[in-house]
**Student:** 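Quick one: this structure, given as C-alpha cells, is what I'll be asking you about.
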Amino acid sequence: METAKTINTENKKTLIPKGKVYIETYGCQMNFSDSEIAKSILVKNNYQLTENINEADTILINTCSIRENAEQRIFKKVENIKYLKNNNSELKIGILGCMTEHLKSKIFELNSEIDFLAGPDSYRNLHNIIDSSKENKSKALDIELDINETYDDIIPLHSESSISAFISIMRGCDNFCSYCVVPYTRGRERSRSPETILKEIKILINQGIKEITLLGQNVNSYKWKNHSGYILSFPSLLEKIANETPELRIRFSTSHPKDISRELIEVMAKKDNICKHIHLAVQSGSSRILKLMNRKYSRESFLEKIEMAKQLIPDIGLTTDIITGFCTETEDDHKETLSLMKDVKFDWAFMFAYSERSGTVAAKNLDDNIDNKKKKQRLKEIIELQSKHSLESNKKDIGKTFEILVEGFSKKSDKMLKGRNSQNKMIVFPAKNFAKGDLIKVKITDCTSATLIGE
Ligand code: 5AD
Ligand code: SF4
C-alpha cells in the first residue's frame with residue numbers, strides 16, 4: 001500500500017512526510033535493537049521520527065512482558081499519555097513487541113486508547129498498519145510470528161551520537177525455560193547470515209562506531225548453514241568478526257550456561273578486541289530448582305564452566321541473573337543460591353522475584369506457592385550479598401590501570417566522563433580534554449559497589 005503524495009519543487013520530487021512518529025522502548029537490549037529496525041523501516045516509508053511526544057501523530061510503545069510489573073508499567077504509560085488525544089483527535093497509539101504476543105487482542109479490552117498492535121516479526125509492515133489505522137479508524141493488528149524473519153536486509157537506524165551499537169545476530173528462543181515467556185512472544189530461534197552481520201558492522205564503523213554488542217536471546221546457539229552445508233557456530237562468527245574488524249571492541253550478550261564451550265572462551269582469550277566479560281544467567285544455585293526451570297544444567301556443571309572460564313581468562317568479568325522464589329523453592333534451595341554466589345563471586349547481578357507468566361510451562365504445571373513477602377525477603381538477601389561481592393570485586397581493582405572507551409559525561413556531573421573497561425565495569429574520571437570515543441588508560445583510585453572511580 002503506498003499512500004505517500006509527492007510535490008514538485010524546482011523539478012525535484014519531494015515526498016510529503018506521512019506523519020511524525022515517536023517511539024518509546026521498554027525492556028531488554030533486543031527491544032532497543034528492534035526499535036532501531038522499526039525506525040529504519042518507517043523512515044524508508046516516508047514517516048518522520050520525532051523525539052518530542054507532544055508533536056507526534058503516532059506514538060509507538062515497544063513493550064516487554066518478561067515480568068508482570070513490566071506490563072503494568074506500560075499500561076500506566078498509556079494512561080499517562082491518553083490526554084494527548086484530547087489535543088489531537090487524529091493521534092494514534094500503537095503497541096509493538098512482546099506484549100502484543102502475550103496478551104494479543106485482549107490489550108484493546110484492557111486499554112481502549114490503544115489503536116493498533118504490531119508483533120516483533122511485523123515491523124516490515126509497520127507503515128501499512130499505521131496507514132490503515134489512520135484510514136479505517138478501526139483497531140488494527142498484525143501479530144503473526146514468522147520463523148523466516150531476521151530483518152537481514154534492514155540497516156537499523158542507530159543514534160548518530162552513539163559510539164557503541166547493538167547488532168542482533170539472531171532472533172527468538174527455543175529453550176523454553178519453564179518460567180519464561182520469551183519463546184512465546186518472540187517465537188522460534190533463527191540466525192542471521194554472517195554476510196549481512198558484517199555488512200552492518202562495516203557501515204557502523206564508517207559512521208564512527210567504536211564498540212559493538214552482538215545480541216541474541218542465547219547467542220551461543222547461533223548457527224548459520226551456508227550453501228555447501230558448512231555450519232558456522234557462534235565462536236567461529238565471533239572470531240571472524242574479530243579478525244575482520246581489529247579496530248572494533250566486541251561484546252556479546254546473552255549466553256546460556258548450557259551452551260558455553262571451551263572453544264568460545266579460547267576465542268575470547270585469543271583476540272584482544274573481544275571484551276573479557278561474560279553474562280551467564282545462573283537463575284538459581286539449586287540443581288532441583290534448575291531442573292524445574294528446565295535450564296538443562298546443574299549447579300555442579302555451572303560451577304565447572306565458571307572454573308574453566310576463570311582458568312582460561314583469569315581477569316574475566318562475570319555477571320549473572322538470579323530469580324528468587326520460583327515455584328516450590330525452599331529455604332534450603334535459597335541457601336544454595338546464596339552459597340553459589342559466594343563460590344563464584346559475580347562482579348554484578350540482575351536479580352528478580354519470580355513473576356508467573358501465563359502460557360508458560362511453570363504457569364501450567366507448577367504451583368507459584370512462595371508468597372510475595374517471602375520472595376521479596378529472599379530477593380533482599382541476595383541483593384545484599386551481591387552488593388557486598390560487587391564492592392569487594394571493585395576494591396580489588398583499586399591501583400589497577402584499565403583501557404576504557406569514553407562513552408560521554410557521567411550522569412552526576414559534566415566535569416566527569418564515563419566509560420567501561422573490557423570487563424564491562426563502569427568507570428568515572430575527570431573529563432580534562434578527553435572526548436567521547438577516545439580509548440584511554442585510567443588508573444583506579446576509589447570505588448563504590450556500582451562504579452570504579454579513576455584518574
Ligand atoms: N519472573 C522473574 N524473572 C524472570 N526472568 C525471566 N522470566 C522471569 C519471570 N517469569 C529473568 C531471568 C532472565 C532475565 C532476562 O529475566 O533472570 O535471565
Ligand atoms: Fe527465556 Fe530461557 Fe530463552 Fe533466556 S534462554 S529467553 S530465560 S527461555
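Both ligands and their constituent atoms are indexed starting at 1 by order of listing. What you see is a predicted model; the values in this text were computed from it and never measured.
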**Student:** Between Ser355 and ligand 1, does any nitrogen or oxygen pair lie at a separation below 3.5 Å?
**Tutor:**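 Yes, there is a polar N/O contact under 3.5 Å.
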**Student:** Quick one: which ligand 2 atoms are inside 4.0 Å of a heavy atom on Gln217?
**Tutor:**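 Near Gln217, meaning under 4.0 Å from one of its heavy atoms, ligand 2 has 6 (S).
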**Student:** Would you kindly specify which portion of Val182 sits under 4.0 Å from ligand 2, judged on non-hydrogen atoms: side chain, backbone, both or neither?
**Tutor:**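 Side chain only; the backbone of Val182 stays clear of ligand 2.
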**Student:** Any carboxylate oxygen within less than 4.0 angstrom of a Lys/Arg side-chain nitrogen, looking at Lys270 and Glu239?
**Tutor:**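 A salt bridge links Lys270 with Glu239.
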**Student:** Looking at ligand 2, does Arg295 have a heavy atom less than 4.0 Å from it?
**Tutor:**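 Distance cut 4.0 Å: Arg295 passes for ligand 2.
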**Student:** With heavy-atom distances below 4.0 Å as the criterion, list the atoms of ligand 1 near Phe352.
**Tutor:**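 The list of qualifying atoms is 3 (N), 11 (C), 14 (C), 16 (O), 17 (O).
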**Student:** Answer with side chain, backbone, both or neither: which part of Ile66 has a heavy atom less than 4.0 angstrom from an atom of ligand 1?
**Tutor:**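 For Ile66, the contact with ligand 1 is made by both the backbone and the side chain.
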**Student:** Going by the order shown, which atoms of ligand 2 are within less than 4.0 Å of some heavy atom of Pro183?
**Tutor:**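 So the atoms of ligand 2 that pass are 8 (S).
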**Student:** Strictly by modelled atom types, are Tyr26 and Glu24 linked by a side-chain donor-acceptor pair under 3.5 Å?
**Tutor:**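 Short answer, yes.
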**Student:** Apply salt bridge (charged side-chain N to carboxylate O under 4.0 Å, His left out) to Arg124 and Asp146, showing your working.
**Tutor:** CA-CA 12 Å; Arg124 271 180 209 278; Asp146 178 354; over 6 Å; no
**Student:** Which of the numbered atoms in ligand 1 are below 4.0 angstrom from a heavy atom of Arg67?
**Tutor:**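 With Arg67 as reference, the close atoms of ligand 1 come out as 1 (N), 2 (C), 3 (N), 4 (C), 5 (N), 11 (C), 16 (O).
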**Student:** Looking only at protein heavy atoms, which one is nearest to atom 7 (S) of ligand 2, and how far off is it?
**Tutor:**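 Of every protein heavy atom, Tyr179 OH, 3.4 Å lies nearest to atom 7 (S) of ligand 2.
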**Student:** Between the side chains of Ser255 and Asn220, is a donor N or O closer than 3.5 angstrom to an acceptor N or O?
**Tutor:**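 There is such a pair between these side chains.
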**Student:** Pull out every atom of ligand 2 sitting under 4.0 Å from any heavy atom of Cys173, numbered as shown with elements.
**Tutor:**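 Contacts of ligand 2 toward Cys173, numbered from 1: 3 (Fe), 5 (S), 6 (S), 8 (S).
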**Student:** Would you check whether Glu356 has a nitrogen or oxygen atom less than 3.5 angstrom from a nitrogen or oxygen atom of ligand 1?
**Tutor:**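 Min N/O separation from ligand 1 is not below 3.5 Å for Glu356.
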**Student:** What atoms in ligand 2 come closer than 4.0 Å to a heavy atom of Phe176?
**Tutor:**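 In order of number, 8 (S).
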**Student:** Go through the side-chain N and O atoms of Arg295 and Tyr179 and say whether any donor and acceptor fall under 3.5 Å apart.
**Tutor:**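 Yes, side-chain donor-acceptor contact under 3.5 Å.
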**Student:** Is the ring pair Phe302/Phe346 parallel, tilted or perpendicular, if the boundaries are 30 and 60 degrees?
**Tutor:**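 Tilted, since the angle between the ring planes falls between 30° and 60°.
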**Student:** Which ligand 1 atoms, with their elements, are less than 4.0 angstrom from a heavy-atom of Ile323?
**Tutor:**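 In order of number, 3 (N), 4 (C), 5 (N), 12 (C), 17 (O).
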**Student:** Looking at Lys374 and Asp371, does any basic side-chain N land under 4.0 Å from a carboxylate oxygen?
**Tutor:**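 Result for this pair is no, no salt bridge flagged.
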**Student:** Should Asp121 and Arg190 count as an ion pair when the cut-off is N to O under 4.0 Å?
**Tutor:**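 Salt bridge present between Asp121 and Arg190.
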**Student:** Taking 4.0 angstrom as the limit, do Glu331 and Lys335 come out as a salt bridge?
**Tutor:**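 Here Glu331 does not pair with Lys335 in a salt bridge, since their nearest N and O are not under 4.0 Å apart.
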**Student:** Do you see an N/O/S atom of Cys180, backbone or side chain, under 2.8 Å from atom 3 (Fe) of ligand 2?
**Tutor:**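 No, since none of the N, O or S atoms of Cys180 sits under 2.8 Å from atom 3 (Fe) of ligand 2.
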**Student:** Identify, by atom number and element, the atoms of ligand 1 in contact range of Gln283, meaning under 4.0 Å from any of its heavy atoms.
**Tutor:**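 Ligand 1 atoms under the 4.0 Å threshold to Gln283: 12 (C), 13 (C), 17 (O), 18 (O).
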**Student:** Does an N or O anywhere in Arg357 fall below 3.5 Å from an N or O of ligand 1?
**Tutor:**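 Arg357 vs ligand 1: no N/O contact under 3.5 Å.
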**Student:** Can you tell me how far the OH atom of Tyr123 sits from the CD1 atom of Ile154, to the nearest 0.5 Å?
**Tutor:**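 Answer rounded to 0.5 Å: 13.0 Å.
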**Student:** Report the part of Ala353 (side chain from C-beta onward, or backbone N, CA, C, O) that has a heavy atom under 4.0 Å from ligand 1; answer both or neither where that applies.
**Tutor:**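 It is the backbone that gets close, since no side chain atom is under 4.0 Å.
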**Student:** Considering only heavy atoms of Asn175, which atoms of ligand 2 have at least one such atom less than 4.0 Å away?
**Tutor:**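 Within the 4.0 Å cut-off of Asn175, ligand 2 contributes 5 (S).
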**Student:** Would a distance-only check, ignoring hydrogens and angles, find a side-chain to backbone donor-acceptor pair under 3.5 Å from Thr58 to Lys92?
**Tutor:**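 The answer is no, because no donor-acceptor pair under 3.5 Å joins these two groups.
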**Student:** Provide, to 0.1 Å, the distance between atom 2 (Fe) of ligand 2 and the closest protein heavy atom, together with that atom's residue and name.
**Tutor:**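 Closest protein heavy atom to atom 2 (Fe) of ligand 2: Cys177 SG, 2.3 Å.
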**Student:** Does this structure show an ion pair linking Arg171 with Glu149, if we count only N-O contacts that are shorter than 4.0 Å?
**Tutor:**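 No, no charged N to carboxylate O under 4.0 Å.
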**Student:** As an exercise, identify every atom of ligand 1 less than 4.0 angstrom from a heavy atom of Tyr179.
**Tutor:**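 With Tyr179 as reference, the close atoms of ligand 1 come out as 6 (C), 7 (N), 8 (C), 10 (N).
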**Student:** What are the atoms of ligand 2, with element, lying closer than 4.0 Å to any heavy atom of His256?
**Tutor:**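 Listed by number with element, the hits are 5 (S).
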**Student:** How far is atom 18 (O) of ligand 1 from its nearest protein heavy atom, and which residue and atom is that?
**Tutor:**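 Among all protein heavy atoms, the one nearest atom 18 (O) of ligand 1 is Asp321 OD2, 2.6 Å.
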**Student:** Using a strict cut-off of less than 4.0 Å between a Lys/Arg side-chain nitrogen and an Asp/Glu carboxylate oxygen, indicate whether Lys396 and Asp347 qualify as a salt bridge.
**Tutor:**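 No, Lys396 and Asp347 are not salt-bridged.
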